[in-house]
Amino acid sequence: MTIGSILILPGDGIGPEVMAEVRKIIDWFADRRSIAFDVSEDLVGGAAYDAYGTPLADKTMDKAQSVDAVLLGAVGGPKYDQLDFSVKPERGLLRLRKEMDLFANLRPAQCFDALADFSSLKRDLVAGLDIMIVRELTSGIYFGEPRGIFEENGERVGINTQRYTESEIDRVARAAFDLARKRDGRVCSMEKANVMESGILWREVVQKVHDEDYPDVELSHMYADAGGMQLVRAPKQFDVIVTDNLFGDLLSDVAAMLTGSLGMLPSASLGAPMDNGRPKAMYEPVHGSAPDIAGQNKANPIACILSFSMALRYSFDLGAEADRLDAAIERVLAEGKRTADLLGQPGVQPVSTSEMGDAIVAALDASL
Ligand code: IPM
Ligand code: MG
């Protein structure tokens, strides 16, 4: 008896090696907790291009639409830099997000106590940090038309279009308010209403959704540039941040670095509920494919493992088991185990990707 289906898409660069550690965790839950998934695996990104001539084959897309959750590693690498835009590895990822309509991208930035000294900010500014960025993921300038490189008056012009409908803003605002209710009850919405019409509409719609249906949540608005500044000045002032696709891309990288390493940050991309009540969902680490360290058993698998923890929580309603996994990771970090991205103190030997995965499995054993 499996409790649900998972499609694993390891992708490129360090994707396959960090995903191998997630496999160990999935196996642990099957063996020790009788929580078994129907797991399948396929290619995405450059790996898919090499095998199928496209960064996401139609049959992989169909499979992704039919499972409860997709776990994705990372896409891209220098080998694919010269490819035509339409078949670049990133197009595979963007197609998954768009066709599954995963409009709400949850990017938590939590600072593990054992890692507070790795932040680029002072310890007291980040210790205990727990913010959630909700990034709109299926619209805005990433997808708006017209787009392209055109000829105009004898020179080329590059065009992208920022575009948001009321309903697109409405649904992501609701996702943010719903999350805030389960957290500290505060939402800060970020846009550039001072220079962009799409920002004016964004602010209006978020305010309207709030006033009509979420008056119990505290709502504030900030220009996205000021938001970036506040994130590095006093990050703990935030609970939930809701913002558009491009600002969310930038601000989530900033927030990630506050926590010490990009190697620690998971994400969940959620869409509308499917027939079985579970949301369409894809989970992926925020870090990229890190081609410089790929294949060396050096990468930090924690972001990818935490992404699986988010799958337990948001797709399978197994919050207690997600807590167990998060606690196991916290314990391994508290014991002083560090992958190379988390080294600071002289004399500390890094553990490898697979040693980190084994240590987390051992900490899970100890949790029983
Ligand atoms: C992210 C990444 C992607 C994005 C790239 C790989 C297309 O930076 O998930 O943040 O820009 O959305
Ligand atoms: Mg990004």
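Start at 1 and go down the list; that is how both ligands and their atoms are numbered.
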Closest protein heavy atom to [atom], given as residue, atom name and distance to 0.1 Å:
atom	answer
atom 8 (O) of ligand 1	Asp249 OD1, 3.3 Å
atom 11 (O) of ligand 1	Tyr142 OH, 2.5 Å
atom 1 (C) of ligand 1	Arg107 NH2, 3.3 Å

Give a yes or no on whether the ring-centroid distance for Phe37 and Phe29 is below 6.0 angstrom.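 So the answer is no for these two rings.
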Could you establish whether His287 and ligand 1 come within less than 4.0 Å of each other, counting only heavy atoms on the residue side?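 Contact check His287 vs ligand 1: negative.
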Do any heavy atoms of Arg91 fall under 4.0 Å from ligand 1?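 Distance cut 4.0 Å: Arg91 fails for ligand 1.
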Tell me, with the steps shown, if Arg174 and Asp178 meet salt bridge (charged side-chain N to carboxylate O under 4.0 Å, His left out). CA-CA 6 Å; Arg174 284 177 197 281; Asp178 285 335; over 6 Å; no
Under a single-linkage definition using a 4.5 Å side-chain heavy-atom cutoff for Ile, Leu, Val, Met, Phe, Trp and Tyr, are Leu318 and Ile329 assigned to the same hydrophobic cluster?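 Linked, Leu318 and Ile329 end up in one cluster.
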Answer yes if Leu56 and Phe85 sit in the same cluster of Ile, Leu, Val, Met, Phe, Trp and Tyr residues linked by side chain heavy atoms under 4.5 Å apart, and no otherwise.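 Leu56 does not cluster with Phe85.
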Indicate if the distance from the Mg ion (ligand 2) to the nearest N, O or S atom of Asp249 falls below 2.8 Å.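 A backbone or side-chain N, O or S atom of Asp249 is under 2.8 Å from the Mg ion (ligand 2).
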Just to be sure I'm reading this right: ignoring hydrogens, which of Arg97, Glu284, Lys88, Glu90 gets closest to atom 3 (C) of ligand 1? Compare them by their nearest heavy atoms.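 Answer by nearest heavy atom: Arg97.
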On the ring face of Tyr214, is Arg186 found with NZ or CZ under 6.0 Å from the centre and within 45° of the axis?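 Not satisfied by the 6.0 Å and 45° rule.
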Does Tyr80 have Lys88 sitting over its ring (NZ/CZ under 6.0 Å from centre, angle to axis within 45°)?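 Judged by the rule, Lys88 and Tyr80 form no cation-pi pair.
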